[in-house]
Amino acid sequence: MKFLLFIFAGVHLLPLNSGKATYRHDNSQRTFQEIKDEIAHYGDVAKAIINLAVYGKAQNRSYERLALLVDTVGPRLSGSKSLEKAIQIMYQNLKEDGLENVHLEPVKIPHWERGEESAMMLEPRMHKMAILGLGSSIGTPPEGITAEVLLVTSFNELQRRASEARGKIVVYNQPYTNYSRTVQYRVKGAVEAAKVGALASLIRSVASFSIYSPHTGVQEYQDGVPKIPTACITVEDAEMMSRMVSRGSRIIIQLKMGAKNYPDANSFNTVAEIVGSKYPDQVNISKYSLVMESDLGTFIPSGLQFTGSEKARAIIKEVMSLLQPINVTQVFSAGEGTDINFWIQAGVPGASLLDDLYKYFSFHHSNGDTMTVMDPKQMNIAAALWTVVSYVVADMEEMLPRS
Ligand SMILES: *[C@@H]1O[C@H](CO)[C@@H](O)[C@H](O)[C@H]1NC(C)=O
Ligand SMILES: *[C@@H]1O[C@H](CO)[C@@H](O)[C@H](O)[C@H]1NC(C)=O
Ligand SMILES: *[C@@H]1O[C@H](CO)[C@@H](O)[C@H](O)[C@H]1NC(C)=O
Ligand SMILES: *[C@@H]1O[C@H](CO)[C@@H](O)[C@H](O)[C@H]1NC(C)=O
């Protein structure tokens with residue numbers, strides 16, 4: 001492999017292909033049969049990678065390296081010192097592995113700090129609630145926000161009861177249907193509550209299962225709508241408050257959040273998600289053949305989701321056929337992922353790992369998301385897929401054709 005740029009975003013690993021001298025964008029002169037033959041020649045390389053990652057010396061290596069990051073530096077939010085430390089560790093690992101052109105790029109990134117946070121139910125009984133502030137939320141004043149709760153189960157109910165919301169803490173107790181649907185409450189809950197005059201909002205965690213675990217994630221403010229502090233609470237507390245309300249109890253909560261935003265941020269020396277996520281304008285995207293992300297875990301994969309031209313899709317299908325020995329050859333639609341969408345929108349073909357999510361939303365974005373949920377054997381398969389695809393795409397004569 002001549003040029004391969006690994007980009008790290010938290011636990012994400014995005015192998016990207018940077019330009020090699022012989023790269024051409026326009027492969028229209030070659031027939032598809034010629035491209036197919038070229039890919040078939042990588043059969044032995046693919047087998048060697050699979051043997052190494054799944055059965056050989058590199059067995060469990062991705063698990064062990066992830067464990068090193070998780071155990072040594074802990075959570076690695078964008079722009080944090082911990083992410084910086086994690087990037088330094090990966091940088092050393094890649095250099096020690098003998099990869100060429102391993103380098104760090106300085107970037108600027110907006111940065112959010114959680115700070116100390118707590119929520120205490122004062123009425124109808126004293127009860128310390130588990131919370132996690134939502135990413136980008138503002139903090140409360142130091143003395144906190146103490147207010148009565150307005151509990152709703154949907155945005156529609158909030159609209160119907162808009163006149164009751166002023167000066168309250170809106171608590172959303174929306175049922176979990178599926179992630180894409182239910183996550184709207186986490187993302188937009190604060191804005192909708194602020195529009196009707198609430199002081200803060202608390203959102204029932206978007207989770208398929210709970211053992212009293214808050215599940216955090218990003219939320220978005222809207223221009224022209226007051227910013228109010230917002231956090232997630234547990235499924236258990238949301239349901240308890242719902243029962244309290246139905247018995248006629250008045251609920252009072254004191255919410256304290258020390259969260260802070262640093263919008264223009266410090267400049268950290270990172271090889272970054274930033275490149276992948278927020279600032280594709282800071283790099284020359286025409287040098288990149290493919291952008292890949294595994295945003296939804298690294299469990300046993302069934303294949304890749306891909307977004308790109310039909311011709312590029314046909315090529316990716318050929319590349320994936322090299323994974324026949326581990327039976328992970330499928331190519332699905334919709335390669336979009338949180339950290340690569342900006343690239344895809346800019347025209348770069350994108351791929352996401354499609355893996356087994358049956359237990360994912362029981363620990364997603366919670367303090368339970370630890371190495372304990374990971375399975376080294378499943379990671380070996382995912383690593384083999386990742387490595388074969390990035391190796392072959394990076395090494396092929398021509399870049400993936402764009403639309
Ligand atoms: C890899 O992990 C599996 C599952 O924990 C274990 O059975 C196996 O012995 C490990 N292999 C190596 C080489 O450590
Ligand atoms: C999620 O659930 C809603 C209904 O609650 C449904 O309309 C939507 O199609 C579901 N989405 C997925 C991805 O299953
Ligand atoms: C971007 O990369 C392409 C392909 O390597 C190159 O032809 C072009 O000159 C580069 N553009 C800039 C602004 O560096
Ligand atoms: C290979 O994968 C396909 C699709 O996921 C599955 O239906 C089939 O049972 C698998 N075959 C083997 C031998 O595991």
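Whatever order the structure lists ligands and atoms in, that order sets their numbers, starting from 1.
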Under 3.5 Å side-chain donor-acceptor pair for Y63 and N380: no

Whether F155 and Y172 hold their rings parallel, tilted or perpendicular, with breakpoints at 30° and 60°: perpendicular

Residue pair D37 / Q33, side-chain donor-acceptor N/O under 3.5 Å: yes

For N60, atoms of ligand 1 separated by under 4.0 Å from a heavy atom: 1 (C), 2 (O), 3 (C), 8 (C), 10 (C), 11 (N), 12 (C), 14 (O)

Numbered atoms of ligand 1 (with element) below 4.0 Å of P376, judged on heavy atoms: 2 (O), 4 (C), 5 (O)

Atom indices of ligand 2 within 4.0 angstrom of S180 heavy atoms, with elements: 13 (C)

Residue and atom name of the nearest protein heavy atom (relative to atom 9 (O) of ligand 2), distance in Å to one decimal: N178 ND2, 4.8 Å

Whether Y179 and H364 hold their rings parallel, tilted or perpendicular, with breakpoints at 30° and 60°: perpendicular

Ring-ring centroid check Y262 W112, cutoff 6.0 Å: no

Ligand 1 to Q59 polar contact by distance, N or O atoms, under 3.5 Å: yes

Residue and atom name of the nearest protein heavy atom (relative to atom 7 (O) of ligand 2), distance in Å to one decimal: R181 NH1, 3.6 Å

K287 neighbourhood, listing ligand 3 atoms whose heavy-atom distance to it stays under 4.0 Å: 2 (O), 5 (O)

Donor-acceptor pair between H127 and D237 side chains, under 3.5 angstrom: yes

Distance filter under 4.0 Å to T177 heavy atoms, resulting ligand 2 atoms: 5 (O)

